[in-house]
Amino acid sequence: MIVVEVRFTGDPTERLAARPAHRELLARLHAEGGLVAAGPWADDSGALLLFDTDEATAREALDTDPYYRAPGVSVVSVRHWTPVVGGPQRSTS
């Protein structure tokens with residue numbers, strides 16, 4: 001799984017203008033099964049995305065999303081995560 005942490009800074013005007021297209025893309029990725037969950041932190045300082053895919057596919061999703069080119073939106077980290085409890089069931093063989 002891939003965890004993406006995003007930070008929001010500055011005036012949110014341009015970021016919020018890109019949000020409808022961003023959320024439409026997230027809904028499509030979720031429906032296709034590549035995105036497990038996504039959403040902003042409660043204080044709106046950033047967001048977290050949890051992908052059930054490889055890193056290249058997750059980065060491609062970020063690259064095609066205009067939200068991540070908006071001023072005040074930066075990807076803080078893209079990290080591999082191995083859930084021990086919960087999460088998608090995977091074969092260990």
Hey, what do you get for [atom1] ([X]) to [atom2] ([Y]), rounding to the nearest 0.5 Å?
X	Y	atom1	atom2	answer
Leu50	His30	CG	NE2	10.0 Å
Asp44	Leu16	CG	CG	7.5 Å
Leu29	Asp65	CG	CG	8.5 Å
His80	Asp54	NE2	CG	8.5 Å

Open item on the list: If I compare all heavy atoms of Ala47 with all of Phe8, which pair ends up nearest, and what's the gap?
Closed with: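 Of all heavy-atom pairs spanning Ala47 and Phe8, the closest is CB-CZ, 4.0 Å.
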Open item on the list: Can you give me the closest heavy-atom contact between Ala38 and Leu49, atom names plus distance?
Closed with: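 Answer, listing the atom of Ala38 first, then Leu49: CB-CG, 3.9 Å.
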Task: Within 6.0 Å of CD in Glu14, more than 12 heavy atoms from elsewhere - done: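 Open: at most 12 neighbouring heavy atoms sit under 6.0 Å from CD of Glu14.
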- [ ] Answer yes or no: does atom CZ of Arg7 have more than 12 heavy-atom neighbours from other residues, nucleotides or ligands under 6.0 Å?
- [x]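 No, CZ of Arg7 has 12 or fewer neighbouring heavy atoms, counting only those of other groups under 6.0 Å.
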Open item on the list: What verdict does the side-chain contact (heavy atoms from CB on, under 4.5 Å) test give for Leu62 and Val78, after you've listed the backbone C-alpha separation in whole Å, the side-chain angles of each residue and the deciding distance to 0.1 Å?
Closed with: CA-CA 10 Å; Leu62 297 174; Val78 176; 4.3 Å; yes
Task: Carboxylate-amine/guanidinium proximity below 4.0 Å for Glu24 and Arg28 - done: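 No salt bridge links Glu24 with Arg28.
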If you define the side chain from C-beta out and look only at heavy atoms, does anything of [X] sit under 4.5 Å from [Y]?
X	Y	result
Phe51	Val36	no
Met1	Thr82	no
Asp63	Glu60	no

Open item on the list: Assigning hydrophobic clusters by single linkage (Ile, Leu, Val, Met, Phe, Trp, Tyr; side-chain heavy-atom cutoff under 4.5 Å), is Val75 placed with Val73?
Closed with: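 Per the 4.5 Å side-chain linkage, Val75 and Val73 are co-clustered.
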Open item on the list: Does the plane of the ring in His22 sit parallel, tilted or perpendicular to the ring in Tyr67? Use 30° and 60° as the thresholds.
Closed with: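 Parallel.
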Task: side-chain contact (heavy atoms from CB on, under 4.5 Å) evaluation trace for Thr57 with Ile2 - done: CA-CA 10 Å; Thr57 302; Ile2 303 295; over 6 Å; no
